[in-house]
Structure formats: structure tokens, C-alpha cells
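First comes the structure, then the notes that go with it.
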Amino acid sequence: MAMKTDSSPSLQPHPHDNALYVHVPFCRRKCRYCDFFSIADADRETMQAVVRAEIDGIDRFADALAVASIDTVYIGGGTPSLLPGDLLERLLARIGGAWRPVEWTVEANPESLSRDFIDVCARTGVTRISLGVQTFDDRLLRFLGRAGTAAHNRRALDLLAARWPGELSLDLIVCIPTQTVAGALRDLEGAVARAPGHVSLYDLTLEEGTPLFAAVRSGECAQPTTESEIEVWRETRSFLTASGYRPYEVSNFARPGKECLHNLRYWRLDPYIGVGPGAASTVPGADGTALRLETTQDLRQYCAADPLSALSVERLSAGALLLEQLMMGLRLEDGIERSRIARRFGAPLEELLGGAWDHWLAKGWVRADESAYACTDEGRLCLNPLLREAAGSISGRSNLKVVWP
Ligand code: SF4
């Protein structure tokens, strides 16, 4: 259970094997489907105060954990490309001035991607830009409530091709109401023609509380059926595979060596520091536990408070960590390394899950070899029921122990 605290949590020094996420909570306007924390139309003064507080947050975490190196950085949002150039540069320079991450991603949206943005990224050591294209179909972009158009997508991709020397990842959305399989494949053809190293392909999910959720509930539009979602999943996956992209995670495809190292850390349940309003961290606590820390979404409070106080703190139990390890790791094509499970939980997964693993194996939903446990394609389609069964097995174990990270 998470508890609010006004004093800093006790953290275990963790000099190496770190990742940093910075949340930039600003958007031009809210998309109809989005439940990420971001606000529309913030003024410069607000952005400046948040960036200042984020730099302070980076400093405080770095001190508390005695951080000597950061392997990966991800600046997400929100829309980082909406920050004025000087504020973006201030934030990036703080990171680049202290560490040399092997991978450093900044997210951008096509309508706010500028030459200045690209140049600041290149100058400060960013290695990867992730562009939220979503679709090249103007009708669907309007339906989604996106601020950009297909013309913005093309212009941004042209600009990146001309000026950006680093890696490129493109985000697309499928299973949008009225989008056909042929339409989804056309979008992918348009994306692949730009030769990105990485493609993220997300199903549109209906999040409660969003305008799109209300529209579907009121009958304004129909949600795609499960059968059509599976067809889109199979067709798009087969197109991307044939185009040289490996489906290394349920929604993520990469050319060899271009996998997102930062997101792999989340899927492997490795430690990470999160700063910015509404950001989460999973870091080692001084008493040998894993701590999940969450900052407030209240911008005024975020900017006024000490970054390591006024956090919500959750101590993750061994059972919670094991379930999360499965939830994240079984999304990966390569699955979860046996050595990671043995090191963290002290026993093989077959034993930790009682009869559940053998049941899944018999059904053909999972596979295991001498190095890893993974889902089969069929298992990945029924991942939620598998995880519910795993949760039942794990909650019945009172003697579970964990050594993390
Ligand atoms: S741009 Fe991204 S973060 Fe902003 S509202 Fe749209 S989906 Fe949400």
C-alpha cells in the first residue's frame, strides 16, 4: 500500500546500473484517448518553474543514491518538443554535463518538432528521438484529437532525415475505430519507408475518464472487435517482421541492435529514477526493499516541495515484485532470464508458481529453455488470464523472499 510522506525516504546508495526518466507534462492540447498526466496550453513561466524543479529533483536523487553513472535516459511526456529551446537545453545540459548515457531518448510530436529542437538534442548528447506519428490518415488524426496532421508528420520526418544524426523511433497507433487492416498496413509502409531503427505499435486502448471512452459508451463510435484486433496484430506483426523488424516486445519492433534499452530496463524490472510531476521511480530502499516512489501531479506543489519529500512511497513486497516481473517480462519475446529469477527470488519459476507454470506449459502458452522463461505467441494473446492465475498462486505463498535489484 502506498503512503504519503513528508520526509525523505531512506535510500540505499546505488552508484551504477541506473536509468533516469524525466516527465515533461505539457501538451498543445489533450488528445481524446489520452490518460497520461499532462496539461494543455501551459505558459512559459509554468514550464520554467517545472524544468527548474526537475533539475533540482535530478540533483537530489543523484545525491541520495550516490549516482556515479546513468546507463539510459528517457525524456517523455507530455510533449518534450513543446519546451522552449532554452529550457530544453538547460534540462538536457544538466544530464549531459554529468553522465554519458549509452542511450538517451527524447520524445517529440511532429507539429512541434523544430530545427532548434533537433539541434539542441544533437548538441547535448541525445542519441535517439522518438516521434509520435500515430497515423498518416488525417481523418483518424482528427478522430484521435491529435494536434498534428499528416502534413506535419511528413514535414517532421523530412526535417529529421535532413538534420538528425542519431537513432529514430516512430510511434504508431492501430485498432482505431473505423481503421481497416489495409489502412494500418499503409501507415506502417509509410513509417518503414523512413527507415527508423525502431517502431512502437500500440493498440488504441479505451481509458476510463477520457472523451473517447465517453464517445464509445454513448454509441458515437464502435470499438473494434477482439477478432479484428487479433487480425491487425497478426498482419502488422508479419509486415514488420518481413521488413526486418524483430517483435522483441508485444508492441515494440526493432532492427537488430536497435531495441530500446531504457524500456528493456522497465520490462526487466531494473531500478530507475523518475523525476517530474506524476513520475514514478523504483529504487532500492535502505532496508533492502524495493521502493516505488511517486511524485505529485499538482504542479504548484511539485515546484514548491523538496523533490525527495511529499512523495507517495510504496514498499514492494516479494510477491508484488514477482508478479510485476512476470507482467513485464512475459511481454518480451526473449522472456525472463532464469538467472534473474533465481538471483532475485531464490528458486526456479516452476517452483515459485506451483502448478500454474506446468499447466501453461501443457497448454502451449509458455516455453522454457536452459536460459529463459517466455510466452509463446498464443500465450501472449491470453496474457491477462495467465497473470490472474499467477497472482492467485503467488498470493498463496507466505514464505516468498526477494533480493532486489
Ligand atoms: S500528445 Fe501524447 S501525452 Fe499529450 S495529450 Fe496527446 S497522447 Fe497525451
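Quick caveat, the model's predicted, so the values are computed rather than measured. Whatever order the structure lists ligands and atoms in, that order sets their numbers, starting from 1. Just the heavy atoms: all of them, side chains too, but no hydrogens, waters or symmetry mates, feed the values below.
- In Arg146, the part holding a heavy atom less than 4.0 Å from any atom of ligand 1 is the side chain.
- Salt-bridge formation is detected for the pair Glu220/Arg32: a Lys NZ or Arg NE/NH1/NH2 atom is positioned less than 4.0 Å from an Asp or Glu carboxylate oxygen.
- Nearest to atom 1 (S) of ligand 1 among the protein's heavy atoms is Asn109 ND2, 3.2 Å.
- Contact between Arg29 and ligand 1 is present, with at least one heavy atom of the residue lying under 4.0 Å from the ligand.
- Nearest non-hydrogen protein atom to atom 5 (S) of ligand 1 is Cys31 N, 3.3 Å.
- Of the protein's non-hydrogen atoms, Gly78 N, 3.3 Å is the one closest to atom 3 (S) of ligand 1.
- At least one side-chain heavy atom of Glu189 sits less than 4.5 Å from a side-chain heavy atom of Phe239.
- Without hydrogens or angle criteria, Arg344 side chain to Pro405 main chain gives a donor-acceptor distance under 3.5 Å.
- The existence of a salt bridge linking Glu333 and Arg380 is confirmed by a sub-4.0 Å separation between a basic side-chain nitrogen and an acidic carboxylate oxygen.
- Summary of contacts: the protein heavy atom closest to atom 4 (Fe) of ligand 1 is Cys27 SG, 2.3 Å.
- Contact detail for Val126 and Trp164: the closest heavy-atom pair is O-CH2, 3.4 Å.
- Nearest non-hydrogen protein atom to atom 8 (Fe) of ligand 1 is Cys34 SG, 2.3 Å.
- Counting heavy-atom neighbours within 6.0 Å of Tyr202 OH, excluding the residue itself, gives a total above 12.
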